[in-house]
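Working notes for the structure below.
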Amino acid sequence: MGAQARRPPPRIALIDGNSFYCACERVLRPSLEGRPVIVLSNNDGCAIARTAEAKALGIAMGAPWFKIQHLEARGLIAISANFALYGDMSDRMMRVIGQFSPAQEIYSIDESFLDLTGLPGTGRDIGTQIRHRVLRWVGIPTCVGIGATKTLAKLANHLAKSLPRLQGVCDLSGLGRAELMRAIRHVPIQDVWGVGRKLAPSLESSGIRTAADLALADRHVLRRRYSIMLAKTAQELCGEPALDWEDAPAPKQQIMSTRSFGLPVRELAELEQAVSLFTSRAAEKLRLQHSHASAVQVYIRTSRFKTGPWHADSAVVPLDSPTDSTPTLLRAALSGLRSVFRPGFDYAKAGVCLLDVRPAVPIAAQGELFDFESSGDAARSGRAMAVVDQLNQRFGSRMVQVASALHEADARWLMRQAHRSPSYTTVWRDVVEVG
DNA sequence: TCTGGGGTCCTAGGACCC
DNA sequence: TCTGGGGTCCTAGGACCC
């Protein structure tokens, strides 16, 4: 028990970028500093990131662009999303954060957990150092929340963001139970990680209105009336870990590629083009993680927002054996598409989802026993796919495509990106000019 | 004209078996 | 043939996350 008692208390940090996508744009265009900026989703549909100045204009997360466009007159700057840039900036930021601890879990493009347990220095000191280094080396402003569990780290991060006097760092680790409850008793229940827009009203009607209320609620009742996840959240809010630590990202179990269209699509031929492109993108992701899929799902749908004839359907096409071959996946996707397509509708969106994704096993160990001929095909197909992926990586992502996807420039269904900024860090011809 | 995309996990319910 | 219970597996759908 003696050794046990001296073990340092758990200390988990959550570091995330403030208005991350906007911050990435600002790194390369310093003139955006101090101005209201938003980043628009694919298709310039809605706001998916907002600077503090944009929030001050009253712009909500997810606000449709056509409803807020008039704010351009008041200085609002809108930028079409550039996910290649954000991914690149994310890699740099995560590497710098990873210098502070050997145990890092990258949770999303702009969020990273870091295990600070046993490291020298107070949480506040380490958090402040992280913020300064990321800002100086990468140019991204961050906030740091620290707690005994992941859920408390998330909550502390939320406090660090909302209380200016904390200067971007909030450390809830090392607090006694009573102090901890005092610290979280003003946090509304809907701000707790794992409580969303459906759960919040339901909990409120049972008298659970704050994070502290949830922490103190009866876990058996939570388990019975809601779910095991909510019971775990309550446990974590008390400082008792209930969620696992994931050092390496688990391979995806499903892989999607889907887009809304820039213009309504009526013709099967155009949908085939789009579905072909989505399938080849998804297949690339599949091969990147060295996996095979056993089924392909295709879906199409008309607009959720327009009145008029409505149609949405999806089909799952099982494959004879798991594969990563674009042509095989494509045949399945297109047959699925033909089975759900109905003429006479204005389709607004389509998507492809690879299902039952598992790590690839050696060709000899899969498929039909004694099926030498198809094994040979699989080997040839594997080599061809590797060449296609190499060419695409080297010369640009659409260099080599299945013929039915055609050239993007010919596709009228492609998304709008009216506010696109150059891909400074990822495309040579866009490398920033000094001026 | 104009409302994102990509994921995970849990649960309920049905099919099937003994 | 009917009834019942217990168990597993699978799938669809919901809720949540960023």
Side-chain angles (χ1 to χ4, degrees), chain A residues 14 16-21 38-50 59-70 72 78 80-83 86-87 90 106-113 150-151 154 157-158 189-203 222-233 242-244 246 249-264 278 281-282 285-286 289 294-295 297 299 301-308 314-316 318 346 348-357 412 415-419:
Chain A
L14 177 76
D16 77 339
N18 303 338
S19 313
F20 181 67
Y21 297 162
I38 58 173
V39 167
L40 296 172
S41 65
N42 278 327
N43 226 10
D44 291 347
C46 62
I48 54 173
R50 312 155 291 157
I59 297 173
M61 190 67 173
W65 172 234
F66 72 93
K67 285 189 183 170
I68 53 175
Q69 191 169 9
H70 65 276
E72 279 182 305
S80 302
N82 178 351
F83 292 106
Y86 311 148
S90 172
I106 295 171
Y107 176 70
S108 75
I109 192 163
D110 75 323
E111 283 177 89
S112 163
F113 289 104
K150 285 179 166 182
T151 305
K154 288 280 282 189
N157 180 280
H158 172 76
I189 191 67
Q190 68 265 22
D191 292 344
V192 171
W193 191 36
V195 177
R197 60 178 216 289
K198 294 280 189 188
L199 229 36
S202 168
L203 287 168
L222 294 176
R223 168 82 178 85
R224 201 168 58 243
R225 288 191 50 184
Y226 297 95
S227 71
I228 194 165
M229 287 306 291
L230 194 65
K232 284 185 177 182
T233 297
L243 301 178
D244 291 333
E246 325 251 347
K252 307 285 182 223
Q253 298 170 42
Q254 44 180 278
I255 291 174
M256 294 194 244
S257 178
T258 164
R259 284 289 177 281
S260 296
F261 300 137
L263 294 167
F278 300 158
R281 275 186 186 155
K285 294 188 214 169
L286 183 69
Q289 72 164 37
S294 299
Q297 181 177 34
Y299 78 87
R301 76 157 186 239
T302 54
S303 172
R304 285 183 295 162
F305 304 102
K306 274 200 236 170
T307 54
S314 72
V316 174
D346 284 331
K349 185 173 182 177
V352 169
C353 187
L354 306 183
L355 304 174
D356 213 353
V357 169
R412 52 182 280 283
M415 56 186 179
R416 283 178 302 276
Q417 285 194 322
H419 309 269

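Here is how names work: the chains are called A, B, and so on, in the same order as the sequence lines, proteins then strands, and each is numbered from 1.
- Checked by atom type and distance alone, the side chain of A/Lys150 pairs as donor or acceptor with a backbone atom of A/Asp244 at under 3.5 Å.
- Of the candidates B/dT8, B/dG5, C/dC18, B/dT8 carries the atom nearest the A/Gln253 side chain, counting heavy atoms from C-beta on.
- Among the protein residues, A/Leu40 comes within range of no part of the nucleic acid, since none of its heavy atoms lies under 4.0 Å from any strand.
- Within the 4.0 angstrom heavy-atom criterion, only backbone atoms of the sugar-phosphate kind lie near A/Asp110; the bases stay farther away.
- Taking side-chain N and O atoms only, A/Arg259 has a distance below 4.0 Å to OP1 or OP2 of B/dG6.
- For the pair A/Asp16 CG and C/dC17 P, the computed distance is 15 Å after rounding to whole Å.
- Across the protein-nucleic acid pair, A/Gln190 atom CD and C/dA15 atom P stand 17 Å apart, rounded to whole Å.
- Nucleotides C/dC18 and B/dC2 place their C1' atoms 24 Å apart, quoted to the nearest Å.
- Taking the side chain of A/Arg304 as heavy atoms from C-beta on, and the options B/dC9, B/dT11, B/dG4, the nearest nucleotide is B/dG4.
- When rounded to the nearest whole Å, the span between CD1 of A/Ile228 and P of B/dC9 equals 14 Å.
- Relative orientation of the A/Tyr21 and A/Tyr86 rings is parallel, given thresholds of 30° and 60° on the angle between their planes.
- With centres under 5.5 Å and a plane angle under 30° as the test, the ring of A/Tyr107 is not stacked against the base of C/dC18.
- Set against B/dC10, B/dT3, B/dG6, the side chain of A/Met229 has B/dC10 as its closest nucleotide.
- Of the possible polar contacts, one joining the A/Asn43 side chain to the A/Phe261 backbone as a donor-acceptor pair under 3.5 Å is found.
- Atom CG in A/Leu199 sits about 8 Å away from atom C1' in C/dA15, given to the nearest Å.
- Both A/Glu246 and A/Phe305 sit near DNA chain B, but only A/Phe305 has its closest nucleotide nearer the 5' end.
- Summarising the base pairing, B/dC18 is matched to C/dG5 through a Watson-Crick or G-U wobble pair whose two defining distances lie under 3.5 Å.
- In this structure the side chain of A/Asn157 reaches within 4.5 angstrom of the side chain of A/Asp16, judged on heavy atoms.
- With hydrogens and angles left out, the side-chain atoms of A/Asp44 and A/Ser80 include a donor and acceptor closer than 3.5 Å.
- A/Lys349 has a side-chain polar atom (N or O) that falls below the 4.0 Å cut-off from OP1 or OP2 of B/dG5.
- In this structure, A/Asn43 places its CG atom 8 Å from C1' of B/dG4, rounding to the nearest Å.
- Using a 4.0 Å heavy-atom criterion, one finds that A/Met256 contacts the bases of the nucleic acid, with or without backbone contacts as well.
- Among the heavy atoms of the strands lying under 4.0 Å from A/Val192 are primed sugar atoms or P, OP1, OP2 only; no base atom is included.
- Rounded to whole Å, the distance from CG on A/Leu355 to P on C/dA12 is 9 Å.
- Taking atom CG of residue A/Asp356 and atom P of nucleotide C/dC10, one finds them 10 Å apart after rounding to whole Å.
- At whole-Å resolution of the value, CG in A/Leu263 and P in B/dT3 are 11 Å apart.
- Classified by interplanar angle (parallel below 30°, tilted 30° to 60°, perpendicular above 60°), the ring pair A/Trp193/A/Phe113 is tilted.
- Place A/Gln69 and A/Lys232 on DNA chain B by their nearest nucleotides, and A/Gln69 ends up nearer the 5' end.
- Phosphate proximity of B/dG5 to A/Arg281: absent, as no side-chain N or O sits under 4.0 Å from OP1 or OP2.
- Two residues are said to be in side-chain contact when any heavy atoms from C-beta on lie closer than 4.5 Å; A/Leu355 and A/Ile255 fail this criterion.
- At the heavy-atom level, A/Ser257 lies under 4.0 Å from the strands shown only through sugar-phosphate atoms.
- Residue A/Lys306 has a polar side-chain atom (N or O) positioned under 4.0 Å from OP1 or OP2 of B/dC2.
- Nearest nucleotide to the A/Trp193 side chain, out of B/dT3, B/dC9, C/dC18: C/dC18.
- The side chain of A/Ser260 has B/dG4 as its nearest neighbour among C/dC18, B/dT3, B/dG4.
- Comparing the C1' positions of B/dC16 and C/dG4 gives an interatomic distance of 16 Å, to the nearest angstrom.
- Checked against C/dA15, C/dC18, B/dT8, the side chain of A/Lys252 finds its nearest nucleotide in B/dT8.
- For the pair A/Lys154 and C/dC18, the criterion of a side-chain N or O lying under 4.0 Å from OP1 or OP2 is met.
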